[in-house]
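Since the structure comes first, as structure tokens, the remarks are kept for the end.
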Number of protein chains: 2
Amino acid sequence: MARTQGSHSDVTGPKIQRSALRLFAQHGFAAVSMRQIAKEVGVQAGALYNYIPDKQSLLVSLMQTHMEEVLAAWHQKAADLQGQDVLARLEAFTRFHIRYHMERPDAVFIAYMELRNLTPENFARIEALRSAYEGELRLILQEGVTSGQFEISDAKITTLAVIGMLNGVMTWYRSGGRLSLEEVETIYWDMVRKSVSPMVG
Amino acid sequence: MARTQGSHSDVTGPKIQRSALRLFAQHGFAAVSMRQIAKEVGVQAGALYNYIPDKQSLLVSLMQTHMEEVLAAWHQKAADLQGQDVLARLEAFTRFHIRYHMERPDAVFIAYMELRNLTPENFARIEALRSAYEGELRLILQEGVTSGQFEISDAKITTLAVIGMLNGVMTWYRSGGRLSLEEVETIYWDMVRKSVSPMVG
DNA sequence: GTTTTTATTGAACATTTGTTCATAAAGCCT
DNA sequence: AGGCTTTATGAACAAATGTTCAATAAAAAC
């Protein structure tokens, strides 16, 4: 039977996810206890097990949700770019990646750092999602090569290099610093553009 | 009094470092117990405390040693490059960074991922070393700007972007794959060079 | 207002944690 | 061989771990 009113559980579930996300990002999966999570949710440790089967699953669901949301957000953005020039699409990807990820530093951190705590099947699932996301960039690069606008040695490596460079922003950027995020985006876009363009020098 | 012969302790100390390095990289600092380390060294847990004051210090010393070694290795390489063109020096840095770090994946992983387990003072010490290393690249970039060979928007950001891009190699490269490490170096060098060069397009 | 379903507690469990220390073994020097 | 210093053992410590479960409270349904 469908629930027609809000209940405690409707708010506790998401609260667990938020608390776990923050704590895992801050101290690492292994260093966070169920009791710490419970305390932040405002509940006893035993109650968590009404929402999750075990600690592992909590981590997996956080990672999977994050990856699916990135992919979905990009697909939505990509729909708006239909028919646009390949250079505009690459710029859009660059700015999207930086901006979207900077808004979710905790989830990004976890999705990149806690892969070793996953069982092989779960690892494969998460990696497939990441691979799909990388494929979106790779497609743009390959189109640019076909059209003669880009000149790259290897589409796969170049994809990884670009994403690695963009990911670097997460490790040092803090709002309130010397540059706004938009300025940072512009600097990175400038470098990305040059790094995949033919060089006349 | 100086020890004139090899003794058990001369080999156990380094063995602890090696085992801890491997285990911390594989499972994370918090997930590795002193007993696991001891087992791999071939000793009881209590014996570890003849070599280290506590678990924390073990981590710090691993990170500090790594950072100091990177810096020293680069300084040595840099000495050979005295008087060389700025482009050659940038290429040398690019190849050095990839090669050196790929030969020590465990230490790199730990030095980048376990910073949150450091006390503020220790964190500051490690960060100072990293900053000194980044300064080396930044110097090259700034010289290239002065000489008119490079064209970048912001030396600091560009430094971080380049290092971020190079660090990405560690996350995906495995020897025995499609490309040799030298080929990968060449692809990355091509991108780095273009990304800091003036664009005529 | 009573029953039925759902959510929470709080204690209990078997392990595991980092670290200490008295005791024992091993290595070195004369 | 005997004495001295350096290492290693193995038991012990209190605290913390993930997870379970009967009992209890709260909410929903009728």
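The figures here come from the full heavy-atom set of this structure, side chains too, leaving out hydrogens, waters and symmetry mates. In what follows, every chain begins at residue 1, and chains take the letters A, B, ... in the order their sequences are listed.
Remark: Tyr51(A) is not in phosphate contact with dA7(C), judged by side-chain N or O atoms under 4.0 Å from OP1 or OP2. Side-chain nitrogen and oxygen atoms of Ser33(A) include none within less than 4.0 Å of the OP1 or OP2 phosphate oxygen of dA16(D).
Rounded to an integer number of Å, the gap from Gln44(B) CD to dG18(C) P is 14 Å. When rounded to the nearest whole Å, the span between CE of Met34(A) and C1' of dA12(C) equals 17 Å. Protein atom CG of Asn117(A) is 14 Å distant from nucleotide atom C1' of dG18(D), rounded to whole Å. Taking atom NZ of Lys39(B) as the reference point, atom P of dA8(D) lies 18 Å away to the nearest angstrom. If you take OH of Tyr49(A) and P of dG18(D), they are 7 Å apart, rounded to a whole angstrom. What separates CZ of Arg35(B) from P of dT9(D) is a distance of 14 Å, to the nearest Å. In this entry the distance linking CG of Leu48(A) with P of dT20(D) reads 12 Å, nearest Å.
Among dT19(C), dT19(D), dT7(D), the nucleotide with an atom closest to any side-chain atom of Lys55(A) is dT19(D).
In this structure the side chain of Tyr173(B) never reaches within 4.5 angstrom of the side chain of Ile98(B), judged on heavy atoms.
Ion pairing between a basic and an acidic side chain is recognised when a charged N comes within 4.0 Å of a carboxylate O; Arg89(A) and Glu143(A) show such pairing.
Using a 4.0 Å heavy-atom cutoff across all strands shown, Val32(A) reaches sugar-phosphate atoms only and no base atom.
Within the model, atoms CD of Gln26(B) and CG of Asp106(B) stand 8.0 Å from one another, a figure rounded to the nearest 0.5 Å.
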